[in-house]
Number of protein chains: 2
Amino acid sequence: MPERPQDPAALIAARGGRVTRTRTAVLSVLFDAGRPISHDEVGAALDARGVSHDRVTLYRTLDWLVSHDLAHKVAGPDRAWRFNAVGDEEHRHAHFHCDLCGRVFCLESLQPAIAATLPSGFRLGRAELSFHGLCPSCPGPLRSDAGHNRNKIAP
Amino acid sequence: MPERPQDPAALIAARGGRVTRTRTAVLSVLFDAGRPISHDEVGAALDARGVSHDRVTLYRTLDWLVSHDLAHKVAGPDRAWRFNAVGDEEHRHAHFHCDLCGRVFCLESLQPAIAATLPSGFRLGRAELSFHGLCPSCPGPLRSDAGHNRNKIAP
DNA sequence: CGGCTAATGCAACAGTGTAGCGTTTGTCTG
DNA sequence: CAGACAAACGCTACACTGTTGCATTAGCCG
Ligand SMILES: [Mn+2]
Ligand SMILES: [Mn+2]
Ligand SMILES: [Zn+2]
Ligand SMILES: [Zn+2]
């Protein structure tokens, strides 16, 4: 049983994986980030912690975390995947992509209602809803009326 | 005034661009495709028509078409943009990504209703809704109940 | 036709991600 | 704790998408 609810080593071991320096460090970085971050950002964070970070090993580590439900990945606006740690909750939420800083945010609290009927022959696996605009920490001209009223949005 | 409603040369000239062999051929290819296709697919189609296709020129041509409202681009599932010709209609619709063949389809007839409230501080530019699954021409195990009833979908 | 400039073609490069393969190292067993 | 085995690592090399710089070509306009 893990001492902390989010102990990287314990979570990795519980999935049947070997507890290595890279895996624990990467998972810890993802927990600390709090939002989906790119392979490159993970590498920089590993640098800051003095942990070696071979590019290929990092890719494989991130993929391993995803395939073992310790992380999920979301496509970024720049053709690079973003990864973030997940607990046990479902990954059914929209994402916000900042047009200025490129950061991606999980909108876990947002529960969008989508009503749609696919044309015949299309078999649905999953739906992805992403919003693009400016994040709270970026300056910009767009007026914010988000957070004040519930909008109908046309993608 | 154009002879045909969709005469590539006339459309290009109307935007103030020079009517070149590559531009007319690419726009014609996009019109014929009927769905968003990748840079590579455009190149193959140009091959079939005996039109030279330098990689860089093709990228620049596609970008020019997009920036002059003759095409729109949508991110594919494989980190490659897909381009398709547009008339004068708005580009406000969802897209379908086939997990098997990788093709992308514009769901122009689909008018999804999205109701959502963004957290405070996020300023919305646009929303993108994409469905992933199997397209009509791909075999697969997923049962189709699309096209029969209107579903609520959780992204 | 002649000139100006947009557009092209080519080379070189950057960023993301993958495949092969020999080496290291966790983990399990005795 | 020692040894064995397989998982994970680190390195090289590669594929693919897209961009930049610059000299050359070729639309377009008069
Ligand atoms: Mn997420
Ligand atoms: Mn479209
Ligand atoms: Zn931002
Ligand atoms: Zn398909």
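First the proteins, then the strands, lettered A, B, ... as listed; each starts at 1. Computed from a predicted structure; not experimentally measured.
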Any side-chain N or O of B:T61 under 4.0 Å from OP1/OP2 of C:dT8?
yes
Send over the distance from B:Y59 OH to C:dC13 C1', rounded to a whole Å.
14 Å
For B:W64 and C:dA6, give me the distance from atom CH2 to atom C1', rounded to whole Å.
11 Å
Start at the 5' end of DNA chain D and walk down; is the nucleotide closest to B:R18 or to B:D78 reached first?
B:D78
Taking for A:R21 and for B:F83 the nucleotide of DNA chain D with the nearest heavy atom, the one nearer the 5' end belongs to A:R21
Can you tell if the side chain of B:F122 reaches within under 4.5 Å of the side chain of A:C135, non-hydrogen atoms only?
yes
Any donor-acceptor pair under 3.5 Å linking the side chain of A:R21 with the backbone of A:V51?
no
Spell out, as yes or no, whether a donor-acceptor pair under 3.5 Å connects the side chain of A:S28 to the backbone of A:T24.
no
Determine which pairs satisfy ring pair (Phe, Tyr, Trp, His ring centres under 6.0 Å) with at least one residue from residues 15-53 of chain A, sequence neighbours left out, and list them in order.
A:H39-A:Y59
Nearest-Å distance, CG (A:L58) to P (C:dT16)?
12 Å
B:L100 side chain near B:P139 side chain, heavy-atom distance below 4.5 Å
yes
If the test is side chain to side chain contact (heavy atoms under 4.5 Å, CB included), which one of A:V86, A:L11, A:V26 qualifies with A:L70?
A:L11
My understanding is that only one of A:R103, A:H132, A:R82 makes a side chain to side chain contact (heavy atoms under 4.5 Å, CB included) with A:H97; could you say which?
A:H132
Would you find a donor on one side and an acceptor on the other, under 3.5 Å apart, between the side chain of A:R18 and the backbone of A:R23?
no
Nucleotide range of DNA chain D contacted by chain A, 5' to 3', under 4.0 Å to a heavy atom?
D:dA6 to D:dG18
Is there a side-chain contact between A:W81 and the phosphate of C:dT16, meaning an N or O under 4.0 Å from OP1 or OP2?
no
Please figure out whether B:R60 or A:T20 has its closest DNA chain C nucleotide nearer the 5' end.
B:R60
So, B:R79 side chain and A:R79 main chain: donor-acceptor pair closer than 3.5 Å or not?
yes
Contacts to DNA chain C from residues 23-57 of chain A, heavy-atom cutoff under 4.0 Å, which residues?
A:R55, A:V56
